[in-house]
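Here's the structure we're looking at; comments come further down.
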Amino acid sequence: MPDTVQAQVDEAIGYGFDGMIVYVDQAGKPPAFYAAGWKDRQREIPADPQALFKIASINKLYIAASIAKLAHSERLSLDDTVANYFPELIGRLDYADEITVQMMAQHRSGIANFTNNPAFWENEQENGKNAIEFALAMPSSFEPDRGYEYSNTNYLLLSLIIDKVVGYSHTQYIREEILTPLNLTNTFFSLDEVDLDDVMSGYYVGVDEDFKSNEYGMLATAEDVGVFLRALNDGSVFKEGEQEIYSSIYVYEHGGLVPGYQSLAEYHKDIDTVVVQFLNTTDFNGYQWNLSEIFINRIVKILKNQGDS
């Protein structure tokens, strides 16, 4: 096994990945940045640790933190139901009057995951504008609070609930309550907000297309994700009383996967270290994802070994 983080990042490129970025924040040390491979394969631009990356489901951490803040300020209740906010879904969504905000946040709602509907992927860029319909076309996975199933639909609905509660976009709320206080100036919510040349290209195994111009929501640098993740874990993103609510509804690390982009953001308490890993080559068969988990586990082991030496 490589004995340095950079050596591990370099080795990863040999397993079929086009580019890789790693950010490491060890307590008491300056943040460290690592990169290998391509930011843009066609133009032969090397991977840049400061490139913007599509963080996909890591955005759920920001939404969950927002829900905790709004619950603490009593602008919403974790016991509110889907029917409270979306009466139009009564009769269309099973158990709409029983599924609560907390169940959705915990992925215990039973609401079908719209990305599990094959029809969604026939034109996912267009279908993403009305993703809820692809969830409603499928049966519930289980009765509310009677199981667990990761569902993107849960967090789509939670983001819409934030819109309704605050009276403006949840993206603006996240910017005001999370990004600005943490000085996260390299986190954005759509491609419309950024220069496309600043975005890392994304590739799918066996496909020549660059997925950089596809809209997949939030983008950020590895550093911005890392700063947020530390603030989430040490509680500095929260006001008094908010973290206790957050701890009851969601997790403190996450991954993300969309065509061309896969990401992992982890905090390791035993070594007080944040690790963020971006890889810009994907498939949906699990092979690339499994490799990414192996790589980050190796990186963490390297960091622990360095701390022990």
Side-chain angles (χ1 to χ4, degrees), residues 56-121 124 127-174 177-178 217-218 232 238-239 241-258:
S57 285
I58 290 176
N59 78 331
K60 291 180 174 64
L61 297 175
Y62 301 77
I63 293 170
S66 300
I67 291 292
K69 287 176 174 289
L70 291 168
H72 182 262
S73 63
E74 298 184 349
R75 299 178 72 179
L76 61 74
S77 168
L78 297 181
D79 294 326
D80 290 341
T81 68
V82 172
N84 292 146
Y85 294 103
F86 307 103
E88 68 275 15
L89 293 183
I90 298 172
R92 299 194 66 208
L93 174 66
D94 294 339
Y95 313 110
D97 58 348
E98 298 179 38
I99 296 168
T100 66
V101 168
Q102 181 155 341
M103 291 174 197
M104 287 188 286
Q106 295 174 331
H107 293 299
R108 295 186 61 83
S109 70
I111 300 173
N113 184 0
F114 66 82
T115 57
N116 288 347
N117 188 331
F120 175 79
W121 294 103
E124 46 93 12
N127 293 339
K129 300 172 184 176
N130 202 21
I132 185 65
E133 294 298 323
F134 292 87
L136 295 174
M138 296 185 289
S140 296
S141 299
F142 48 83
E143 293 181 15
D145 211 28
R146 298 294 295 273
Y148 173 90
E149 182 179 78
Y150 184 89
S151 174
N152 290 301
T153 314
N154 287 321
Y155 275 75
L156 171 59
L157 289 171
L158 289 174
S159 66
L160 295 173
I161 287 172
I162 297 171
D163 294 347
K164 288 176 176 285
V165 169
V166 301
Y168 49 87
S169 172
H170 65 279
T171 61
Q172 182 182 339
Y173 182 83
I174 291 171
E177 297 294 324
I178 297 174
M218 285 186 76
L232 189 71
F238 297 112
K239 297 174 184 174
E242 293 175 348
Q243 189 169 21
E244 289 78 3
I245 296 174
Y246 182 89
S247 295
S248 73
I249 62 174
Y250 211 47
V251 297
Y252 281 86
E253 59 183 26
H254 221 285
L257 175 65
V258 290

Are the side chains of [Y] and [X] in contact, using a 4.5 Å heavy-atom criterion?
X	Y	value
K60	H254	yes
M103	N154	no
D97	I90	no

Applying ring pair (Phe, Tyr, Trp, His ring centres under 6.0 Å), name anything that partners [X], two or more places apart in sequence or on another chain.
X	value
Y173	none
F142	none
Y155	H107, Y250
F114	F120

Smallest separation among heavy atoms of [X] and [Y], with atom names:
X	Y	result
T81	A96	CB-O, 3.8 Å
P139	A112	O-CB, 3.7 Å
R75	V165	O-CG1, 3.5 Å
Q102	S248	NE2-O, 3.7 Å

For this session: Let me see the working for V101 and I161 under side chain to side chain contact (heavy atoms under 4.5 Å, CB included), right down to the final yes or no.
Result: CA-CA 9 Å; V101 168; I161 287 172; 4.2 Å; yes

Contacts table for residues 61-69: side-chain donor-acceptor under 3.5 angstrom, sequence neighbours left out:
residue: S66; atom: OG; partner: Y62; partner atom: O; Å: 2.9
residue: K69; atom: NZ; partner: V237; partner atom: O; Å: 2.8
residue: K69; atom: NZ; partner: E242; partner atom: OE1; Å: 2.9

Between [X] and [Y], does any side-chain donor sit less than 3.5 Å from a side-chain acceptor?
X	Y	answer
Y95	S109	no
Y168	D163	no
T115	N152	yes

Exercise. Can you pull the side-chain hydrogen bond (donor to acceptor under 3.5 Å, both in side chains) pairs that have at least one residue in residues 127-142, sequence neighbours excluded?
Worked result: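 Qualifying pairs: R92-E133, D94-S140, E126-K129, S141-E149.
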
